[in-house]
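Structure first, then comments.
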Amino acid sequence: MEEKFRLDRQTMALRVAREFQDGDHVNLGIGIPVLASNYVPAGREVVFHSENGVLGFGEVHTAGEGDPDFVNAGGQPVSIIPGTSFFAHDESFSIVRGGHLDISVMGGLQVSEKGDLANWLVPERQIGTIGGAMDLAVGAKRLIIAMNHVTKDNHPRIVKKCTYQLTAVECVDLIVTDIAVIEVTKKGLVLKEVAPGWTPEEVQKLTEPKLIVAPDCRDVEL
């Protein structure tokens with residue numbers, strides 16, 4: 001029997017980065033998404049944007065390295081490479097609202113079967129800050145959500161209808177979790193990949209909406 005395991009945060013970021021195409025302009029949110037800048041596939045040039053006012057930065061530095069004045073949205077020092085530019089907050093959001101981003105990658109608390117996103121407030125805690133999430137959710141041409149498949153209490157995060165306050169409606173295109181890759185389509189949620197050792201049936205048990213299993217559903221490709 002094949003050993004079953006969940007993808008860790010770095011591996012999820014690696015899987016997300018496979019979606020980046022040469023020349024893409026990509027915004028990476030706090031958490032797992034910012035890790036994806038370290039895994040750009042070889043031969044592809046990706047221009048990373050951060051809403052705090054930086055465009056075209058390189059890899060995230062490890063702890064204790066880099067200049068603390070040059071950070072991404074998560075406050076992590078990023079490497080400055082030829083072509084990196086800095087600008088004011090209003091100009092940064094002009095890039096977002098102007099539709100100049102190809103991909104936005106964000107974390108999520110819940111995603112509905114229609115692609116609605118809730119990612120800023122846990123009602124039980126009443127703590128949250130939406131920041132620029134709503135702009136990034138609708139401003140990019142494509143939105144990828146990277147999150148764990150279930151909560152710490154093993155409740156599904158992929159639900160028929162979000163019960164948390166929404167960030168934006170029908171905005172999600174792809175969901176990358178620790179056990180699956182799921183595409184949001186007009187016909188429903190299509191299960192495209194599963195973590196090694198997992199079956200589509202096991203993923204379904206942890207997912208509230210009915211999944212459409214792709215004919216070529218396979219193990220997560222890294």
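Computed from a predicted structure; not experimentally measured. Below, each value reflects all heavy atoms present in this structure, side chains not excepted, and no hydrogens, waters or symmetry copies.
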Holding to side chain to side chain donor-acceptor pair (under 3.5 Å), I want the full list of residues that pass it with His149, two or more places apart in sequence or in another chain.
Thr177, Thr207
What one should report as the nearest heavy-atom pair of Pro209 and Leu189 is CG-CD1, 3.9 Å
Test of understanding: with ring-ring contact (aromatic ring centres under 6.0 Å, His included), list the residues that count as partners of Phe87, not counting sequence neighbours.
none
Give me the atom names and distance for the closest heavy-atom approach of Ser94 to His100.
O-CD2, 3.8 Å
Are more than 12 heavy atoms, taken from residues, nucleotides or ligands other than Gln10, located less than 6.0 Å from that residue's CD atom?
yes
If you look at every heavy atom in Ala146 and Val16, which pair is closest and at what distance?
CB-CG2, 4.1 Å
As a quick check of understanding, evaluate side-chain contact (heavy atoms from CB on, under 4.5 Å) for Val213 and Gln204, giving each step before the final call.
CA-CA 10 Å; Val213 181; Gln204 178 65 75; over 6 Å; no
How about NZ on Lys141, more than 12 heavy atoms from neighbouring residues, nucleotides or ligands closer than 6.0 Å, or not?
yes
Of all the heavy-atom pairs spanning Ala13 and Leu35, show the shortest one and how long it is.
CB-CB, 3.5 Å
Glu208 to Lys161 - nearest heavy-atom pair and separation:
OE2-N, 4.2 Å
Under the ring pair (Phe, Tyr, Trp, His ring centres under 6.0 Å) rule, what pairs show up with a residue in residues 110-130, not counting sequence neighbours?
none
Between Arg6 and Asp178, which heavy-atom pair has the shortest distance, and what is it?
NH1-OD2, 3.2 Å
Show your reasoning for whether side chain to side chain donor-acceptor pair (under 3.5 Å) applies to Asn119 and Thr167.
CA-CA 6 Å; Asn119 81 335; Thr167 305; 2.6 Å; yes
